[in-house]
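Here the structure comes first, spelled out in structure tokens, and everything after it is commentary.
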Amino acid sequence: MIEQNTPRIGIDPYLEWLKGEGIPTVEDFGVDLLQIDTRPWARMGLNGAAVHLKGRGDFISMFVLELAPGASSSPQRHLYEEVLYVLSGRGSTTVEGADGRKHSFEWGPRSLFAIPLNTKYRHFNGSGSEPARLVTTTSLPVVLNMFHNEAFVFDNPFRFDERVGASKYFSGEGDFIPVLPGQHMWETNFVPDLAEIELKAWDERGAGSKNIIFILADGTMHAHISEMQVGTYKKAHRHAADFHVMCVTGRGYSLLWYEGEPDFHRVDWKHGTVFAPPDRMFHQHFNASPTPARYLATAFGSLRYPFTESKRKSMTGGGVKQGGVATSVKQGGDQIEFEDQSPRIHQLYVEETRKAGVEAKMKFG
Ligand SMILES: [Fe+2]
């Protein structure tokens with residue numbers, strides 16, 4: 001019997017590709033990246049898992065990469081961007097620039113780096129006894145869904161010379177580019193330790209709040225790091241989906257809710273936790289630890305190349321005169337000022353800090 005052709009509709013080429021890779025996919029609101037199972041990933045020559053958070057949006061996804069002691073990944077080159085964050089272990093990565101020049105850098109826990117677009121690269125675990133675990137945020141979904149041709153994405157000789165950047169960008173140095181509070185940039189390809197990098201004050205997001213925005217390998221992929229002081233929390237805000245939030249130092253929790261929802265969703269975080277607030281969902285971060293808490297966020301659409309109108313608004317809305325994420329909902333923006341928040345939010349924070357033996361520095365109600 002001749003089968004009728006099934007109409008080809010509703011295809012997600014990225015998900016189709018992933019099915020053929022033979023690695024597990026974890027789907028959840030938030031996950032502990034240190035705990036999820038990885039399986040051999042032939043393409044990469046290491047163990048891997050895909051992480052699809054509920055708020056991952058249309059453009060990006062995450063993969064956990066696990067390198068056994070002494071192991072190295074097989075050489076890679078691809079037409080999508082990658083921002084990697086080291087969860088555990090120590091090793092190095094070699095990137096081959098367009099001119100054939102090799103750049104190597106050594107990473108350890110809390111290192112952040114990007115692979116310049118379509119350069120050849122390879123990861124090495126520098127320890128003979130400890131595994132190394134990295135998480136990468138990639139734009140593979142948008143790229144594969146755009147071209148739906150695997151060879152074009154994974155076997156493409158085009159050289160993006162302008163993406164490689166200065167040699168010093170591979171050595172832990174970078175260029176500070178002042179913009180406005182909340183928007184100051186650090187341009188580089190590699191940050192040795194996110195716990196150590198100097199951040200800049202952003203008081204509009206709450207007293208003592210600090211951040212820096214990364215421009216990595218001149219990419220469209222965004223990354224920023226924020227810090228909350230001991231005994232403090234940030235103002236609630238909302239934006240489009242796809243910000244993947246990872247705890248770097250300290251511990252605490254975040255509350256998430258859609259406008260009008262009677263209850264909050266809660267995510268407790270510590271090193272290894274990632275979560276992604278879904279589209280237009282309010283979220284608010286609380287430091288419940290006796291140390292400053294830093295978190296890293298990755299997303300598609302950078303301050304330099306916002307890509308979508310909603311990112312343009314949330315990225316460039318840091319200035320008080322512009323609309324956007326630092327403007328009160330009462331003025332049509334997407335931030336809830338402390339005096340406008342539900343009293344339950346502060347009550348919960350007082351309880352949580354008391355339990356942790358931390359003095360809540362913020363006084364409301
Ligand atoms: Fe956010």
Side-chain angles (χ1 to χ4, degrees), residues 29-31 53-60 62 83 85 112 137 180-185 194 199-206 208-214 221-229 232-248 250 252-259 261 264-269 273-287 293-303 306-320 322-329 332-338 340-341 345 349:
F29 196 74
V31 303
L53 300 177
K54 287 190 194 302
R56 80 176 170 95
D58 295 322
F59 306 125
I60 60 177
M62 276 183 157
V83 171
Y85 175 61
L112 178 78
T137 314
L180 282 170
Q183 293 178 312
H184 296 314
M185 302 195 290
L194 288 182
L199 307 183
K200 303 291 175 184
W202 187 15
D203 288 334
E204 284 153 16
R205 190 52 67 78
S209 183
K210 294 180 185 179
N211 87 332
I212 195 92
I213 290 182
F214 297 109
M221 187 76 79
H222 168 84
H224 76 256
I225 183 164
S226 296
E227 180 177 293
M228 281 176 283
Q229 300 313 304
T232 70
Y233 57 87
K234 305 189 87 169
K235 295 177 187 176
H237 67 276
R238 63 182 172 185
H239 41 67
D242 95 347
F243 279 94
H244 287 55
V245 183
M246 287 159 270
C247 177
V248 174
Y253 62 96
S254 295
L255 299 178
L256 301 95
W257 69 97
Y258 286 111
E259 190 159 20
E261 267 194 316
F264 306 114
H265 302 263
R266 173 173 169 159
V267 176
D268 290 287
W269 39 258
T273 308
V274 61
F275 66 99
D279 190 41
R280 306 295 291 160
M281 195 172 192
F282 280 113
H283 49 282
Q284 190 164 9
H285 308 305
F286 302 80
N287 182 3
R294 286 186 170 199
Y295 61 85
L296 165 70
T298 53
F300 194 65
S302 59
L303 180 54
F307 198 80
T308 61
E309 190 53 34
S310 83
K311 276 293 192 308
R312 187 177 299 278
K313 193 178 169 200
S314 64
M315 291 291 169
T316 62
V320 282
Q322 298 154 308
V325 88
T327 303
S328 166
V329 286
D334 289 315
Q335 176 168 279
I336 298 176
E337 301 302 319
F338 289 125
D340 300 325
Q341 73 188 12
I345 285 176
Y349 187 66

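Counting convention: from 1, in listed order, for ligands and their atoms alike.
In summary, the side chains of Tyr349 and Gln284 do not present any donor paired with an acceptor at a separation below 3.5 Å, with no hydrogens or angles considered.
Protein atoms that are N, O or S and lie under 2.8 Å from the Fe ion (ligand 1) are these: His237 NE2, His239 NE2, His283 NE2.
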Might you work through the side-chain hydrogen bond (donor to acceptor under 3.5 Å, both in side chains) test for Thr137 and His244, ending with a clear yes or no? CA-CA 8 Å; Thr137 314; His244 287 55; 6.0 Å; no
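Using cut-offs of 30° and 60° on the angle between ring planes, the pair Trp257 and Phe264 is perpendicular.
A cation-pi arrangement, defined by a distance under 6.0 Å to the six-membered ring centre and an angle within 45 degrees of its axis, is absent between Lys54 and Phe275.
Considering His237, Glu261, Arg238, His239 in turn, Arg238 is the only one that fulfils the side-chain contact (heavy atoms from CB on, under 4.5 Å) rule with Phe282.
Side-chain rings of His184 and His224 stay apart, their centers remaining 6.0 Å or farther from each other.
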